[in-house]
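Here the structure is laid out as structure tokens; the discussion comes afterwards.
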Amino acid sequence: MSEIPYKIYLSENEMPKSWHNIRAVMKEPHDPMLHPGTLKPCVTEDLLPIFCKSLAEQELNFTDEFIEIPEEIRSFYKMYRPSPLVRAYCLEKELGTPAKIYYKFEGTNTSGSHKLNSAAAQVYYAKKEGITSLTTETGAGQWGTALAMACVYFGVGLTVYMVKVSAEQKPYRRYAMETYGAKVVASPSDTTESGRKILAENPGTGGSLGCAISEAIETAIKTQNCKYVLGSVLDHVLLHQSVIGLETKAACDMYGIRPDVIIGCAGGGSNLGGLISPFMADKIRGKNDISFIAAEPASCPSLTRGTYAYDFGDTCRTTPLMRMYTVGSSYIPSPNHAGGLRFHGMSPILSKLYHDGYISAKSYVQSDVFAAATLFARSEGTLPAPESAHAIKAAIDEAVKCRETGEEKTILFGLTGTGYFDLTAYNSYNAGTMTDSVPSDEDLEKGFAGLPKV
Ligand SMILES: *Cc1c(COP(=O)(O)O)cnc(C)c1O
């Protein structure tokens, strides 16, 4: 076996030609998405007022394990993919662990995260179906930036509703989106009915992804030739993100790397779902015994403290209902620095896998996450996004366990993005002013009480 380099890059030809659809392999499908009016399982037509057709079809495709990536999307991917699989030799040394640590680094493009993988696909299909503009929400701003990049490439207009706290904490994200030609509105805003309603009920709120989604959907419905796109949670987004897992698996196979543990941070579940997809298929087929770990913030603990129930994807209860682990769509998590993980629910695919025991989950307070991020930056050089640092924290904990037991495990995690736009958060950590907020059981009960009765 050849020696393992610091960075493993596939060649362009080795990039996947199809996405991987884990639903086709799962022993049991997750419960169907329900129409919010009739409470019947959604069919393609139900999704068309919001989503374009190809994406609605992908959303409801439980049967094809592989779905071809159109050539135009592959061309876009070639601008920044394949992404490297990095052996964290320096971190291993720093920790004094016998474990081998690898990370798949998705932060090499300008948007700074994995979100571009789905943005490219969603904008391509929209353009192909004659859509002239799109709306979306963004939390920390990575999704909005990714979408702005894809929209300008394919020639589609874009309005981004950006969670207000993030818009204030990260004005540079807004400038980046505007540079790519997008219109950015801080949410909740007074430009939509949903925004005005949320503002009336919660004056002074810093907003949430749920609020921003409501505003974006309303605008899409009221604007001609306009559709809404979402950067996480939905099955078709996980499908697009499987490019991460397929590349990772190809690189692992090339060098005989056999992960024992695969870790990802989990906001809506798209990077984790994409990273684990082909590995999970092998696990379900009895070909490996990998432990999969979702790392989430203690301030928005959908998996670790949420409930498995039908819920809306947005605060204003306009989306179809999805059965998922959720802290309740009416729950507004306290502001924290990992904006990309502040979503009340979790991908229905990951929720089902978690419910069936294929995945475990851990939650972390942000000061512990930033300690891990700092250790990582100082040893590996790369400044991680706070979201990604949740996975780093979990990986370090696993590697430290190996130091204690002497086990030479192979630990692989997804490093979803860079932290260049998160320096306010790093500054707060460095200055010792960062606080940790963990909801009480009563706080969560309020969120659960607001769940729709289905
Ligand atoms: C959005 C984001 C996440 C969380 O989203 P998932 O859908 O759970 O992957 C994680 N890391 C970064 C850098 C992000 O931008």
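Just so you know, ligand 1 is whichever comes first in the structure, and atom 1 is the first atom listed for that ligand.
- With a 4.0 Å cut-off on non-hydrogen atoms, E106 does not touch ligand 1 at all.
- Using cut-offs of 30° and 60° for the angle between ring planes, the Y77 and W19 rings count as perpendicular.
- For the pair G269 and ligand 1, the shortest N or O to N or O distance falls below 3.5 Å.
- Under a 4.0 Å criterion applied to the non-hydrogen atoms of S232, ligand 1 contributes the atoms 6 (P), 7 (O).
- The shortest N or O to N or O distance between K115 and ligand 1 is under 3.5 Å.
- When each atom of ligand 1 is checked for a heavy atom of H114 under 4.0 Å away, the hits are 2 (C), 3 (C), 9 (O), 10 (C), 11 (N), 12 (C), 14 (C).
- In terms of protein heavy-atom proximity, atom 13 (C) of ligand 1 is nearest to T416 OG1, 3.3 Å.
- Annotation for ligand 1: atoms under 4.0 Å from non-hydrogen atoms of A266 are 8 (O).
- Every atom of ligand 1 with a heavy atom of G267 under 4.0 Å away is listed here by number and element: 8 (O).
- Near S113, the atoms of ligand 1 lying under 4.0 angstrom from a non-hydrogen atom of the residue are 13 (C), 15 (O).
- Under a 4.0 Å criterion applied to the non-hydrogen atoms of L341, ligand 1 contributes the atoms 4 (C).
- Atoms of ligand 1 found under 4.0 Å from any heavy atom of C265 (numbered from 1 in listed order, with element): 10 (C), 11 (N).
- Distances below 4.0 Å separate heavy atoms of Q142 from the following atoms of ligand 1: 13 (C), 15 (O).
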